[in-house]
Amino acid sequence: MNPTLYRPLIAAALAEDIHHQDITTAGIFSAQNRCKARLIAKDNGIAAGLAVFKETFLLHDARIKVDLKVADGDAISAKDIVAEISGPVQSVLAAERVALNLLQRMSGIASLTRQFVDLCTGQSRILDTRKTAPNLRILDKWAVRLGGGMNHRMGLYDMAMLKENHIKAAGGIENAVKKLRDFHDDAVLIEVEVTNLDELQQALACDVYRIMLDNMSNDMMREAVAISHGKTPLEASGNVNLDTVADIAATGVDFISVGALTHSVKALDYSLLVV
């Protein structure tokens with residue numbers, strides 16, 4: 001990803017943490033003091049966010065050197081040396097926490113995504129959702145890709161998605177789709193959420209881009225796959241976790257969206273130690 005897209009996020013995070021000065025390091029070390037440090041993995045998982053980790057140090061102080069030992073998307077094990085950092089000690093220690101926070105979150109997302117991907121068989125692909133940390137969406141969704149998943153829509157602006165409330169307020173699926181197409185001139189992709197097989201038939205008749213099967217049983221999803229017969233890609237949503245995803249994939253749906261990838265991620269643990 002182009003660093004210009006995420007530098008503002010890093011800059012805001014650094015300003016929040018450092019403000020006008022890191023008063024601890026400024027009181028102990030001079031501007032001439034230098035150090036070397038190692039980034040060490042403390043968990044097994046998928047490294048994600050190393051480019052962001054490096055950019056955080058460089059954005060704070062271009063004199064810092066970051067030597068990455070693995071690449072984003074690589075599997076890592078506890079005790080692996082992931083990167084080596086050198087530069088002015090004041091700058092290294094001031095940027096350390098922001099760099100680690102972003103790296104740990106992204107690595108946690110990628111690692112959980114890889115677990116879901118590995119449990120899927122057949123054609124099903126894992127999708128993320130919009131349940132991301134505010135202002136960190138591009139990083140959260142980048143981490144999903146590094147873990148082997150795919151991105152759903154980035155926001156409310158790049159795909160129209162008709163959910164239950166839209167459909168009820170518009171007077172039904174057909175009318176809601178027609179209103180969208182009249183307004184946008186067929187210029188936007190449309191996904192429709194359905195909760196039963198009757199609604200599925202209505203959505204199929206509208207020839208939309210994708211249909212979401214919301215909280216359907218596995219038996220109902222298998223029937224939906226048979227009814228659709230490949231006409232429109234189907235996305236399973238609801239009650240998806242590591243215990244259920246394999247059975248959901250076995251129904252034959254094309255996509256499985258998992259909000260837990262980003263809304264309740266457990267950070268992958270790393271340490272940055274001065275040597």
Residues in side-chain hydrogen bond (donor to acceptor under 3.5 Å, both in side chains) contact with [X], at least two apart in sequence or another chain:
X: Arg34; value: none
X: Asp214; value: none
X: Lys69; value: Asp67
X: Asp243; value: none

According to a 4.5 Å side-chain heavy-atom criterion applied to Ile, Leu, Val, Met, Phe, Trp and Tyr, with indirect links allowed, do [X] and [Y] form part of one hydrophobic cluster?
X: Trp142; Y: Ile109; result: no
X: Met106; Y: Val144; result: no
X: Leu189; Y: Leu234; result: no
X: Ile85; Y: Val274; result: no
X: Leu162; Y: Met159; result: no

Report yes if the side chains of [X] and [Y] come closer than 4.5 Å at any heavy-atom pair, otherwise no.
X: Val70; Y: Asp80; value: no
X: Val82; Y: Leu68; value: no
X: Leu39; Y: Ile81; value: no
X: Asp61; Y: Pro88; value: yes
X: His152; Y: Thr129; value: no

Could you name each residue pair satisfying ring-ring contact (aromatic ring centres under 6.0 Å, His included) that touches [range], not counting sequence neighbours?
range: residues 40-67; answer: Phe53-Phe57
range: residues 213-265; answer: none
range: residues 159-190; answer: none

| said: Taking side chain to side chain donor-acceptor pair (under 3.5 Å) as the cut-off, I'd like each qualifying pair that reaches into residues 100-110, sequence neighbours left out, listed once. | reply: Arg97-Asn101, Gln104-Asp269, Arg105-Asp140, Ser107-Tyr270
| query | Among pairs that include at least one residue of residues 13-22, which meet side chain to side chain donor-acceptor pair (under 3.5 Å), considering only residues two or more places apart or in two chains? | reply |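 Every side chain to side chain donor-acceptor pair (under 3.5 Å) pair that includes a residue of residues 13-22, provided the two are not neighbours, is Asp22-Thr25.
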| side-chain contact (heavy atoms from CB on, under 4.5 Å) between Ile28 and Thr24: does it pass, once the steps are laid out? | CA-CA 7 Å; Ile28 299 173; Thr24 307; 4.1 Å; yes
Testing the basics here: between [X] and [Y], what is the closest heavy-atom pair and its distance to 0.1 Å?
X: Leu180; Y: Ala160; value: CD1-CB, 3.8 Å
X: Ile211; Y: Thr232; value: CG1-CG2, 3.8 Å
X: Val92; Y: Ser86; value: CG2-C, 4.4 Å
X: Cys206; Y: Ile173; value: SG-CG2, 4.2 Å
X: Leu261; Y: Val265; value: O-CB, 3.8 Å

| said: Any carboxylate oxygen within less than 4.0 angstrom of a Lys/Arg side-chain nitrogen, looking at Arg181 and Asp185? | reply: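 Asp185 and Arg181: not salt-bridged.
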| said: Does this structure show an ion pair linking Lys36 with Glu84, if we count only N-O contacts that are shorter than 4.0 Å? | reply: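 No.
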| task | Output the distance between atom CG (Leu273) and atom CD (Glu96), rounded to the nearest 0.5 Å. | result | 8.5 Å
| field | Straight-line distance of Leu213 CG to Glu235 CD, nearest 0.5 Å | value |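 Result: 8.5 Å between the selected atoms.
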Please check this pair: side chain of [X] against backbone of [Y], looking for a donor-acceptor N/O pair closer than 3.5 Å.
X: Asp158; Y: Gly155; result: yes
X: Gln123; Y: Gly252; result: yes
X: Ser228; Y: Val225; result: no
X: Lys42; Y: Leu268; result: no
X: Asp74; Y: Ala71; result: yes
X: Thr251; Y: Ile248; result: yes
X: Asn2; Y: Leu5; result: no

| field | Apart from Met161 itself, residues in the same hydrophobic cluster as defined by side-chain heavy atoms under 4.5 Å | value |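 Members other than Met161 - counting any ILVMFWY side chain reachable under 4.5 Å - are Met212.
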Taking distance alone, no hydrogens or angles, what donor-acceptor pairs closer than 3.5 Å link side-chain atoms of residues 130-138 to residues at least two apart or in another chain?
residue: Thr132; atom: OG1; partner: Arg137; partner atom: NE; Å: 2.9
residue: Arg137; atom: NH1; partner: Met154; partner atom: O; Å: 2.8
residue: Arg137; atom: NH2; partner: Arg130; partner atom: O; Å: 3.0

| Among Val98, Val66, Ile64, the one residue meeting side-chain contact (heavy atoms from CB on, under 4.5 Å) with Thr56 |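 Exactly one candidate clears the test, Val98.
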| query | Around atom NZ of Lys168, are there more than 12 heavy atoms of other residues, nucleotides or ligands at under 6.0 Å? | reply | no
| said: Take a 6.0 Å sphere around CD1 of Ile23 and say whether it holds more than 12 heavy atoms from other residues, nucleotides or ligands. | reply: no
| Residues which pass side chain to side chain contact (heavy atoms under 4.5 Å, CB included) with Asp118, listed by chain and number, not counting sequence neighbours | Arg114
| Without hydrogens or angle criteria, can the side chains of Glu199 and Thr195 be said to hold a donor-acceptor pair below 3.5 Å? |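 Yes.
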| Between the side chains of Asp219 and Ser217, does any donor sit under 3.5 Å from an acceptor? | no
| said: Going by side chain to side chain donor-acceptor pair (under 3.5 Å), Arg145 matches just one of Asn151, Asp72, Thr113, Asp128. Which one? | reply: Asn151
